[in-house]
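Working notes, structure below.
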Amino acid sequence: MKKIIITGALGQIGSELTTRLREVYGTENVVATDIRQPEHSKVVTDGIFEVLDVTDAERMRALVEDYTVDTFIHLAALLSAVAEAKPQLAWTLNMGGLMNALEVSREFDLKFFTPSSIGAFGPETPKDQTPQVTIQRPTTMYGVTKVSGELLGDYYFQKFGVDTRSVRFPGLISYDTLPGGGTTDYAVDIYYEALRNNAYTSFIDKGTYMDMMYMPDAVDLIIQLMEADSDQLTHRNAYNVSAMSIAPEDVEKAIQKHQPGFKLSYDVDPVRQGIANSWPNAIDTSAAQEEWGFSPKYDLEKMTADMLSKLKVKVV
Ligand code: SER
């Protein structure tokens with residue numbers, strides 16, 4: 001990776017990844033793009049920024065050509081709960097954007113990354129130690145777009161030789177930018193509300209285990225995977241990755257170690273609970289470990305300590 005274009009740079013992953021890529025590869029070598037251009041975001045003010053609607057193939061192609069990039073990181077997409085509310089839009093945006101990004105990567109011979117998700121699994125998938133290669137019959141539009149994306153990534157690699165790489169991200173927890181409409185977002189909201197009210201009402205039920213990861217690990221692993229030797233990669237699209245499998249009550253206990261009076265209650269949202277129930281409890285990440293050395297640093301305790309100390313400055 002020498003010169004990188006990112007879509008969805010203002011999103012939950014994009015905002016932190018853009019900052020890190022600018023540090024590692026040089027500000028002049030990162031072209032951040034998003035559909036909107038807020039004046040005060042560091043993504044917009046601290047480096048190259050271009051407005052890009054990912055369904056606009058012509059503009060995407062022009063940016064890639066003008067900036068002579070060699071790597072495409074495609075993050076622009078709707079998350080699971082929003083996609084369930086607007087399935088047609090989710091298909092148009094998630095798949096239309098992905099096809100445009102893959103096509104431009106084929107034409108200009110770019111290295112390519114886009115995230116898949118634990119949402120690519122479904123109710124028939126084994127729930128525990130979910131294997132790298134297993135049944136994938138998701139029942140959400142988000143999942144349908146993610147499985148399709150994995151298949152397209154493999155197709156572009158096999159048919160056209162595009163160097164496609166991807167991971168199935170679990171729920172990502174971060175203090176910088178809020179996620180927009182995901183099923184795993186309770187695990188972000190809970191920290192904000194712990195600091196504001198010392199209490200949180202979870203829309204996901206007690207006992208619902210899902211995989212999660214702290215954003216610094218997610219950003220690191222994208223760079224690690226993209227820098228890995230191509231010959232090492234067998235399961236390119238997409239590797240299972242996770243740092244912890246947790247239920248709301250586990251986060252409650254971790255927060256109580258810092259704030260003993262913290263109270264968790266439940267008001268379950270049937271849509272997001274239904275999505276969560278269709279996803280695995282805990283996925284097996286051995287392929288990512290073996291093929292490119294995936295090794296997350298943050299467990300629940302370490303993440304909770306860091307989240308609370310970072311958010312304290314922002315929230316209180
Ligand atoms: N965090 C995502 C979501 O809940 C999972 O990929 O939609």
Side-chain angles (χ1 to χ4, degrees), residues 8 11-17 73-87 89-91 93-95 97-98 113-123 125 127 130 136 138-150 153 166-192 202-205 208-219 221-222 237-248 251 268-283 285 288 296 298 303 307:
Q12 191 199 10
I13 302 174
S15 55
E16 292 190 44
L17 182 63
I73 298 188
H74 179 55
L75 303 176
L78 297 186
L79 286 182
S80 58
V82 183
E84 237 11 58
K86 300 175 184 170
L89 175 66
W91 179 267
L93 183 75
N94 291 14
M95 297 314 297
L98 178 60
F113 176 85
T114 196
S116 184
S117 160
I118 51 170
F121 296 118
T125 304
K127 285 219 173 291
T130 304
Q136 289 180 267
T139 47
T140 62
M141 179 52 92
Y142 182 67
V144 170
T145 65
K146 288 301 180 189
V147 175
S148 307
E150 292 185 9
S166 179
V167 296
R168 294 177 184 134
F169 270 132
L172 295 178
I173 296 165
S174 60
Y175 55 83
D176 190 357
T177 305
L178 284 168
T183 301
T184 54
D185 296 6
Y186 87 85
V188 179
D189 301 344
I190 194 168
Y191 290 102
Y192 280 81
S202 173
F203 57 79
I204 292 294
D205 208 359
T208 309
Y209 281 86
M210 285 188 276
D211 283 292
M212 304 276 175
M213 185 186 291
Y214 198 32
M215 190 60 83
D217 280 330
V219 165
L221 80 78
I222 292 173
N237 300 290
Y239 292 94
N240 284 3
V241 292
S242 170
M244 61 195 93
S245 161
I246 53 174
V251 192
V268 173
D269 167 16
V271 173
R272 283 178 287 187
Q273 185 63 40
I275 296 174
N277 290 345
S278 77
W279 291 355
N281 298 333
I283 61 178
T285 63
Y298 287 88
M303 175 180 79
M307 269 300 270

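Given the structure is predicted, the values throughout are model-derived calculations rather than measurements. Ligands are counted one by one from 1 in listed order, and the atoms in each one are counted from 1 as well.
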- Query: Do Asp211 side-chain atoms and Ile283 backbone N/O form a donor-acceptor pair below 3.5 Å?
  - Reply: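 It does hold such a pair.
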- Message: Below 3.5 Å, N or O to N or O, backbone or side chain included: is there any such pair between Thr183 and ligand 1?
- Response: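 Yes: some nitrogen or oxygen of Thr183 is under 3.5 Å from one in ligand 1.
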- Message: I'd like to check Met210 versus Ile204 (side-chain heavy atoms, cut-off strictly below 4.5 Å). Are they in contact?
- Response: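 Side-chain contact under 4.5 Å: yes.
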- Message: A side-chain contact here means heavy atoms from C-beta on lying under 4.5 Å apart; do Tyr239 and Leu221 qualify?
- Response: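 Answer no - side chains too far apart.
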For [atom], what is the nearest protein heavy atom, given as residue, atom name and distance?
atom: atom 5 (C) of ligand 1; result: Ser117 OG, 3.5 Å
atom: atom 7 (O) of ligand 1; result: Ser80 OG, 2.6 Å
atom: atom 1 (N) of ligand 1; result: Thr184 OG1, 2.8 Å

- Under 4.0 Å from any heavy atom of Gly182, which atoms of ligand 1 are there?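 Near Gly182, meaning under 4.0 Å from one of its heavy atoms, ligand 1 has 3 (C), 4 (O), 7 (O).
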- Message: Does Thr285 form a side chain to side chain donor-acceptor pair (under 3.5 Å) with Ser242? I'd like the steps, not just the answer.
- Response: CA-CA 7 Å; Thr285 63; Ser242 170; over 6 Å; no
- Do NZ/NE/NH1/NH2 and the carboxylate oxygens of Arg168 and Glu150 come within less than 4.0 Å?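 Salt bridge present between Arg168 and Glu150.
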- Query: What part of Trp279 sits under 4.0 Å from ligand 1 if we count only heavy atoms: the side chain, the backbone, both or neither?
  - Reply: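 The answer is the side chain.
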